[in-house]
Asks: 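After the structure tokens below, expect a handful of questions from me.
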Amino acid sequence: MKISRHIGRNAAKAMQLLIIICFCMTIIPLNAQTSPLTLWYDRPAADWNQALPLGNGRLGAMVFGTPEVEHLQLNEETIWAGSPNSNAHILEPGVLETVRRLIFEEKFVEAENLATAKIMSPKNHGMPYQTLGDLFISFPAHSDYSDYRRSLDIGNALADVQYKANGVHFRREVFTSFTDQTIIVRITADKPKSVTCNAFFTSPLEKLEQSTDENQLIIRGITTSHEKQSGKVQFETRIKPKVSSGKLTVADNLISVENADELIIYIAVATNFVNYNDLSGNKTEKCLSYINKAYSNDYETAKAEHTAFFRSYMDRVSLDLGHTEAENKPTDQRIRDFATIFDPSLAALYFQFGRYLLICSSLPGTQPANLQGIWNDRLLPSWDSKYTCNINLEMNYWPAESANLSEMHEPMLKMIEELAITGAETARMMYGCRGWVLHHNTDIWRITGPVDRASSGMWITGGAWVCQHLWYRYLYTGDKDYLRRIYPAMREAAMFFNDFLIPEPDHGWLVASPSDSPENPHGGSNRKASISAGTTIDNELIFDLFSNLISASEILDTDHEFADTIATKRALLPPLQIGRHNQLQEWLHDWDSPADTHRHVSHLYGMFPSNQISPFRTPELSEAAKNVLKYRGDPSTGWSMAWKICLWARLLDGNHAYKLLTNQLDLVGLEPKKGGTYGNMFDAHPPFQIDGNFGCTAGIAEMFLQSHDGFVYLLPALPDVWKKGSVSGLVARGGFVIDMDWENGKIKKLTIFSRNGGNCRLRSLTPLKGKGLKPAKGENPNPLFAVPDIKTPLISKEANLVIPENYPKKTYLYDLNTEKGITYEIVGN
């Protein structure tokens, strides 16, 4: 059995084993071959998008690796501007009704202008996530260096910088300790008494107080005010050095080290943040506990404990797509050359990099990963680095369950329960509705009112979309106790739409109005406004929310009267529609243009991450969705290309998904509008947005395994270039953990570990054989694989939709009745 299985059953024993492994790794020669899970470079970072990210869920560090002046840019997850607040407000009488009337009269520009003036929040538009500051460590006479190497080992969460200067080999190791809750920097040399440097801290935050005490730098401050919302997050940073031999001086806000053998710097950060509505924490008490614990720990023990903790998550999934000479090049050069030089292990590294980032930015008990995860070097980052809920927040967590990081999902799930509280006030104040609402943005204070202009902010289905993640967790775990706990949040989200939906005049369908299809202006306004009613994504989201609520009510045997009410409302939602250009319509009306290349493909939510559209069950809708993707084109912003990888994988076209991956793995420098990947593997919107990293990881997982369509589909979208490979640890709905080996595109060996028991229905392009495997018959009896029963789509009389022959390809369908905790071995026939 693999280590990943043992971790799930006996964490303590696995931790001990990994500590031994990690300790042994410290004596591996420095010139050992580069690990497949290592990013490395032959020069220092020239800018922030080349620096290397470290994180422990709460603390973040970007390591630049410049020999003469090391630069660590630092973050702490709760350092946000402002303070607890609500940005909801009471609408003027008749405003909502007037906007709705103008929409139905097709006076969209007037409706949008009125919504911007009267519905958008007059209080604030959310607070920005802010940088803590920067630690600089200067080394005299290190500007002339050679044999340089900078690396990030994402298999062990360690950054490393090595070079020679003045005949001495220097090394810097940096990690953000998961177990000691500090950032630890170790500086060594291969000759005694060679470490001489000065360290100091700077920050763009105002109201800083710096002092020294007991040989440590102490920085205290408060975050800024923003849009008239007072900054009240108090933080404390302690930077404490430990020196072997040599002279240490800490004075005048400067750490000075002369002629030491070794220097270890510990960086602890704490704030007064308790939760979104409570700033009563004791920052000093917390900071002291962090620094004292870390400082008293032996370095090698601290590193081994940190690495073992990290690997208990990271080692759950492995991916091998083969190896080529391209691996010998620095990572940024590999990204630059990916489209023209076959480099399968770079794709595997990129997949694992997304998993690494999720572990490092979203541990249980921390805040969810925001628009930049946990890494941000500005006081006013792009889009405030908030949580954008019309795709970006959700995309951050697409790989959480399938990539075997379910625990990393927890911060988002907790936030949803908090939003259900704050969103209830917004629903009541603004719309007179029960339940709760979330518009397209929130922040650490869990605001739920509409922000920005109505062209993007007048979108009311954020609550429906995030609630999908509550349901995903259940489908992957089958945990009824969990479902019972989160049912109220789902119920109240559905309650809002029970009250908010209104009939549209042409068909009497129930629609959400006002809203928009993020963030795309439509042809009904000559592309001058995006506000409308009954957009396709809204209809899809509300359908899923209602369907999930009904299913949850049945599973828990509760709340049947409300579930019946919701079922009645669901029956009145608009059907999906195929327009005159053979496209899935984005709006209630056939306004789409084949010339539209907008980055959002919101109406394709029904195909991914939802499962309303399927090549097997709804071939017309699947082909219409494919046409949308063809019209929109491939190159786009980073996160948009990540979504398209997922979509082409759902269309079972691995070669096109791989083409999008080559578009994404395209090196971006200082170009202002080019989506792709920066030298440090961060996604380029541009600028950096972490959702593209997470979306690509989810998309690559979808190429190997899908479980949304009533079965576990093995290698559904394998590109021709990955003819041979192996993947282990991917998770399907129902809690089935899958390992696969394939050759010539055909499954050679398959291992299934059943976490929950129950029927595992398998679909494969390759015939399979194994004990207990039998041809599938009828519907899948496992309720975690239920598929939606959608309305028959409406197809325009002008459409001429052609369904390709032999699509989907012929497959083999099997059932395997499993027992909880048992592993099953299957082979290709």
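All of these numbers come straight from a predicted model, not from anything done at the bench.
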Asks: Going through the distances and angles, do Asp596 and Arg527 end up as a side-chain contact (heavy atoms from CB on, under 4.5 Å)?
Replies: CA-CA 10 Å; Asp596 183 3; Arg527 296 191 62 82; 3.7 Å; yes
Asks: Find out whether His439 and Cys389 are in side-chain contact, i.e. whether some heavy atom of one side chain is under 4.5 Å from a heavy atom of the other.
Replies: no
Asks: To the nearest 0.5 Å, how far apart are CG in Asn396 and CD in Gln689?
Replies: 9.0 Å
Asks: Taking the side chain as everything from C-beta on, heavy atoms only, tell me whether Tyr474 gets closer than 4.5 Å to Asn548.
Replies: no
Asks: Minimum heavy-atom separation for Ile119 to Pro450, with atom names?
Replies: O-CG, 3.3 Å
Asks: Looking only at non-hydrogen atoms, find the nearest pair between Asn124 and Ser121 and report the distance.
Replies: O-OG, 3.3 Å
Asks: Phe497 and side chain to side chain contact (heavy atoms under 4.5 Å, CB included): which partner among Ile566, Leu541, Ile542, Val437?
Replies: Ile542
Asks: Could you tell me if the side chain of Thr536 sits less than 4.5 Å from the side chain of Gln577, heavy atoms only?
Replies: no
Asks: Say whether Asp544 and Ser610, considering side chains only, have a donor N or O and an acceptor N or O under 3.5 Å apart.
Replies: yes
Asks: What pair of heavy atoms forms the shortest contact from Ala454 to Ser530, and how long is it?
Replies: O-OG, 4.3 Å
Asks: State, to 0.1 Å, how close Ala493 and Trp436 come at their nearest heavy-atom pair, and which atoms those are.
Replies: N-NE1, 3.2 Å
Asks: How far does OG1 of Thr597 sit from CZ of Arg632, to the nearest 0.5 angstrom?
Replies: 8.0 Å
Asks: His598: which residues meet the ring-ring contact (aromatic ring centres under 6.0 Å, His included) condition with it, sequence neighbours left out?
Replies: His600
Asks: Are His226 and Gln229 close enough that some pair of their side-chain heavy atoms sits under 4.5 Å apart?
Replies: no
Asks: When you compare the side chain of Arg473 with that of Glu401, does any pair of heavy atoms fall below 4.5 Å?
Replies: yes
Asks: Counting N and O atoms only, with roles assigned by atom type, does the side chain of Gln583 sit under 3.5 Å from a partner on the main chain of Ala624, one being a donor and the other an acceptor?
Replies: no
Asks: Mind checking the CD-OG spacing from Gln367 to Ser361? Nearest 0.5 Å is all I need.
Replies: 12.0 Å
Asks: If you draw a 6.0 Å radius around NZ in Lys528, do more than 12 non-hydrogen atoms from other residues or ligands fall strictly inside?
Replies: no
Asks: Hey, what do you get for CG (Leu470) to CG (Leu475), rounding to the nearest 0.5 Å?
Replies: 11.0 Å
Asks: Nearest heavy-atom pair of Glu540 and Ser602: which atoms, and what distance?
Replies: OE1-O, 4.0 Å
Asks: Any salt bridge between Glu112 and Arg453, counting N to O under 4.0 Å?
Replies: no
Asks: Do the ring planes of Phe273 and Trp445 sit parallel (below 30°), tilted (30 to 60°) or perpendicular (above 60°)?
Replies: tilted
Asks: Does Tyr129 have any ring-ring contact (aromatic ring centres under 6.0 Å, His included) partners at least two apart in sequence or in another chain, and if so, which?
Replies: Trp80
Asks: Closest approach of Asp443 and Ile447, non-hydrogen atoms and distance?
Replies: OD1-N, 3.5 Å
Asks: Report the C-alpha separation of Ser547 and Trp471 in whole Å, then their side-chain angles, then the decisive distance to 0.1 Å, and conclude whether the side-chain contact (heavy atoms from CB on, under 4.5 Å) test is met.
Replies: CA-CA 10 Å; Ser547 298; Trp471 186 243; over 6 Å; no
Asks: Is any side-chain heavy atom of Tyr397 closer than 4.5 Å to a side-chain heavy atom of Val466?
Replies: no
Asks: Do side-chain atoms of Lys123 reach the backbone of Ala88 as a donor and acceptor pair under 3.5 angstrom?
Replies: yes
Asks: Could you tell me whether the side chain of Ile613 reaches within less than 4.5 Å of the side chain of Leu584, counting heavy atoms only?
Replies: yes
Asks: Could I get the full list of side-chain contact (heavy atoms from CB on, under 4.5 Å) partners for Arg434, not counting sequence neighbours?
Replies: Met495, Asn498, Asp499
Asks: Could you give the distance from CG (Asn800) to CZ (Arg580), rounded to the nearest 0.5 Å?
Replies: 15.0 Å
Asks: Take the angle between the ring planes of Trp591 and Phe108 and call it parallel below 30°, perpendicular above 60°, tilted in between.
Replies: perpendicular
Asks: So, do His409 and Tyr472 have ring centers that fall under 6.0 Å from each other?
Replies: no
Asks: Could you walk me through whether Asn582 and Glu623 pass the side chain to side chain donor-acceptor pair (under 3.5 Å) test, one step at a time?
Replies: CA-CA 8 Å; Asn582 303 309; Glu623 193 64 22; over 6 Å; no
Asks: Could you list the donor-acceptor pairs under 3.5 angstrom formed between side-chain atoms of residues 506-518 and any protein atom two or more places apart in sequence or on another chain?
Replies:
from   : atom 1 : to     : atom 2 : distance (Å)
His507 : ND1    : Glu504 : OE2    : 3.3
Ser515 : OG     : Asp538 : OD2    : 2.5
Ser517 : OG     : Glu586 : OE2    : 2.8

Asks: Just by distance, no angles: are the side chains of Glu77 and Asn370 close enough, under 3.5 Å, to form a donor-acceptor pair?
Replies: no
Asks: How many angstroms lie between atom SG of Cys646 and atom CG of Leu604, to the nearest 0.5 angstrom?
Replies: 12.0 Å
Asks: Return each pair, listed once, that meets side-chain hydrogen bond (donor to acceptor under 3.5 Å, both in side chains) where at least one residue sits in residues 410-419; pairs must be two or more places apart or across chains.
Replies: Glu417-Arg485, Glu418-Arg446
Asks: Testing the 3.5 Å rule here: is there a donor-acceptor pair between the side chains of Asn520 and Arg599?
Replies: no
Asks: Which label fits Phe500 and Tyr431: parallel for a plane angle under 30°, tilted from 30 to 60°, or perpendicular past 60°?
Replies: perpendicular
Asks: Could you tell me if the side chain of Leu573 sits less than 4.5 Å from the side chain of Leu501, heavy atoms only?
Replies: yes
Asks: Please name the residue in the list Trp383, Tyr678, Trp48 that meets the ring pair (Phe, Tyr, Trp, His ring centres under 6.0 Å) test with Phe688.
Replies: Trp48
Asks: Return the set of residues passing side-chain hydrogen bond (donor to acceptor under 3.5 Å, both in side chains) with Lys674 (not counting sequence neighbours), or none when no residue passes.
Replies: Asp666
Asks: Which residue in the set Phe694, Phe608, Tyr605, Trp465 passes ring pair (Phe, Tyr, Trp, His ring centres under 6.0 Å) when paired with Trp398?
Replies: Phe608
Asks: side-chain contact (heavy atoms from CB on, under 4.5 Å) for His440 and Ser456? Distances and angles first, verdict last.
Replies: CA-CA 8 Å; His440 93 298; Ser456 59; 3.9 Å; yes
Asks: Would you find more than 12 non-hydrogen atoms of other residues, nucleotides or ligands less than 6.0 Å from Arg100 atom CZ?
Replies: yes
Asks: Starting from the C-alpha separation in whole Å, work towards a yes-or-no answer on side-chain contact (heavy atoms from CB on, under 4.5 Å) for Thr131 and Arg378.
Replies: CA-CA 5 Å; Thr131 180; Arg378 303 179 184 181; 5.6 Å; no
Asks: Dump the intermediate steps for side chain to side chain donor-acceptor pair (under 3.5 Å) on Asp592 and Tyr631, then the final yes or no.
Replies: CA-CA 10 Å; Asp592 304 75; Tyr631 294 147; over 6 Å; no
Asks: NZ of Lys232: more than 12 outside heavy atoms within 6.0 angstrom?
Replies: no
Asks: Tell me, yes or no, whether the heavy-atom count around Lys659 atom NZ, taken from other residues, nucleotides or ligands under 6.0 Å, exceeds 12.
Replies: yes
Asks: Specify whether His656 and Trp648 have parallel, tilted or perpendicular ring planes, treating 30° as the upper limit for parallel and 60° as the lower limit for perpendicular.
Replies: parallel
Asks: If you count heavy atoms of other groups shown closer than 6.0 angstrom to NZ of Lys107, is the number above 12?
Replies: no
